[in-house]
Amino acid sequence: MVKTEEDIEQEFYDLLNDYMASSHGKKRDVIIKAYNFAKKAHGGIRRLSGEPYIVHPLAVARICCTEIGLGSTSICAALLHDVIEDTEYTIDDIRAVFGSSIADLVEGISKISGGIFGEKSIEQAENFSKLVISMSEDIRVILIKIADRLHNMRRLDAQTTDKQMKIACETEYIYAPLCHRLGLFAIKTELENLCFKYNFPAEYDYIQRRLDAETNKRIGLYNKFAFPITTKLDELGYKYEMKKRIKSPHSIFKKMQTKHIPFEEVYDILGSRIVFDPEPDADEKLECWKIYNIITSIYKPHPNRTRDWLSNPKTTGYEALHVTVMGPEGYWIEVQIRSRRMDDIAEKGLAAHWNYKKDYSSSENKIEEWLNTVNELLKSPDSNAMKLLESFKISQYESEFFVFTPKGDIKSVPAHSTVLDFAFSIHTDIGCHAIGAKVNNKIVPLNYELHSGDQVEILTSEKQTPKAEWIDYVSTAKIKDKLCGILKIGNHNYRALGDEKLREALFAAGYSIKKSYTPDIVSKLLKGYKRKNWDALLTDIGNGVLSLEDLPAIIKRNSGQSAFSKWIPKFIKGDTVPDAIRNVSIPETDVKSESSAVNGNKVLAALVEIKGIARKRMLLDIVTVISGTTSAYIEKADISTDNGLFCARLNLYVSDSAEIKSIYNSLSNISGVESVTRIEL
């Protein structure tokens, strides 16, 4: 609907009223001045919708004020944000009239005007660079830009179909993740929903029709659910509001896809939120738990779906207590419990912290840490535009969880973080020397994926150095980039990385490559991996396109016979194999009998499992301990390594139980051995 002059003036007065009702300073005059300046500058210009152009900056300013919570400087910059792009006025004119603070914001917004996605990747890199630099210089620039994008998405129906898809894709790829990171969850949800509407119109319409058709039923269910809770809260004198939450079409569609279920099986469409106003000096967290107790005294809670974001807020500053309970008619319903302050921060994100300065520092540090991470990625000489954009998008939507240090300190880590991610996040030096970890007192390799609540102790060795395969062990963009820098690996060096990975994999499989690969190996691998030339094979191994897990099978399949005449563990280096290792016999079958006769003497059979950190001479030390006893010898050895960890199962023959106990104690004292266990045969 095209707005009249009267409509526009009313919109402006509504903006002024919203601003005057906020907690910001009352700089009403400068906002009026900015509005009049922008209206005159855009005079006679109309948008594609047919509306006077001033409608857009006015709407952006109101989003900044009411939905993000920004003050007069940002509101003025929003009103003026398109002036130097679309009119004859310059940034110097803006600076002369409004001063440097407003002019700097307008200039920052102008630098990132237009789209992120260019026709060429170099354009994308430059556009994205401008976006990141603007964020790091003044976060208000990107907040205003988000408001600008939100209004454009709300009016996207005026654009052509191809323009709609381009803008919607860019919004989903860049701006929705930005909102997630900055804690603007209400705007993030709306942007995602609008992107879904234009990118998947048929699916959006189907889900929206289903939601509309069940509105009355859902309202009835919510009222029935809420009544006993509100009755009790009223009785206890709480000042609060309780409202229903309906899952957005985008969230429903996402769940249908990830869970592979139809609409009818999405059971958490209905939710609820309680926002309370605490008494002065009241403990907000304690009040949240009191309300939790009220709810769970009425409805039975789900045993695994209580989320405490009070003790450990998210990196965005989000605080709340979530509980899922069994409501009427057998529906699980999640209730989010927040104070008014928590709700403001949850809905308006970073900007809301400016209204609660005493609570700002921790979240500010997290935002600055994140901006530094993106800046580090951007400044890396090996950064590729598309790789950077992809890692940026992925990193924004990563959920997070908490792990504990051995001393009980709590650390926030991104989802899917490995032991190596965590080691580098503590300190680069710890990451470079990591050899494994104890997670909940159990030894695990560097690529072990951590889980919420794990207690993690990083194990290090001064002799350890970063390895090329570590690139595959880490999941976070920042750590991958850091490792690439340490290993001096760039996009142009994927072939070299692939060569290193392949040599290590072949060595682990029993092949020692001196300098050049033999023609036989080259032929087998090209055939097995279906590559036309050797460079292509190494490059695909280096950039992760090809996995080497099936390397032994490929060699065996293409040779017609077993590839392993003798297996030498990969942690034994050098050309000379100690005699003690050569004398270990490895028969095809396990020893099954409890005793056997050797040289006419009765001996006891024992199966011993040894676990620890893989290192050079580890196997030699183990064999030396056993061969040093009076009569013990190894009948069979089953040895494996996994990402720096060592496991050996030895079938031993010993003279008596005292001898096995002595061997057990001696093995436990070997450097790097973490556990020795006797397994019953």
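- A donor-acceptor pair under 3.5 Å links the side-chain atoms of T87 to the main chain of V83, judged by distance alone.
- Between R154 and E67 there is a salt bridge, since at least one side-chain N of the basic residue sits less than 4.0 Å from a carboxylate O of the acidic one.
- Under the 4.0 Å criterion applied to side-chain N and carboxylate O atoms, E241 and R273 are not assigned as salt-bridge partners.
- The pair D205-K197 does not meet the salt-bridge criterion, since no charged nitrogen lies less than 4.0 angstrom from a carboxylate oxygen.
- For the residue pair R149/T171, the side-chain donor-acceptor check at 3.5 Å is satisfied.
- Atom CD1 in I102 sits 11.5 Å away from atom CZ in R95 (nearest 0.5 Å).
- Salt-bridge formation is not detected for the pair K285/E319: no Lys NZ or Arg NE/NH1/NH2 atom is positioned less than 4.0 Å from an Asp or Glu carboxylate oxygen.
- With hydrogens and angles left out, the side-chain atoms of Y53 and D86 include a donor and acceptor closer than 3.5 Å.
- Taking the ring centre of F276 as origin, the terminal cationic atom of K239 falls outside the region bounded by 6.0 Å and 45° from the ring axis.
- Of the charged side-chain nitrogens involved, at least one lies within less than 4.0 Å of a carboxylate oxygen, so that R338 and E347 count as a salt-bridged pair.
- No side-chain donor from either of T90 and D92 sits under 3.5 Å from a side-chain acceptor of the other.
- Classification of K254 and E192 as a salt-bridged pair fails, no side-chain N sitting under 4.0 Å from a carboxylate O.
- Defined by atom type and a distance below 3.5 Å, a donor-acceptor pair is present between the side-chain atoms of E9 and Y35.
- Rounding to the nearest 0.5 Å gives a distance of 10.5 Å between CG of L16 and CZ of R62.
- With hydrogens and angles ignored, the 3.5 Å screen pairs a side-chain donor or acceptor of D421 with a backbone N or O of S475.
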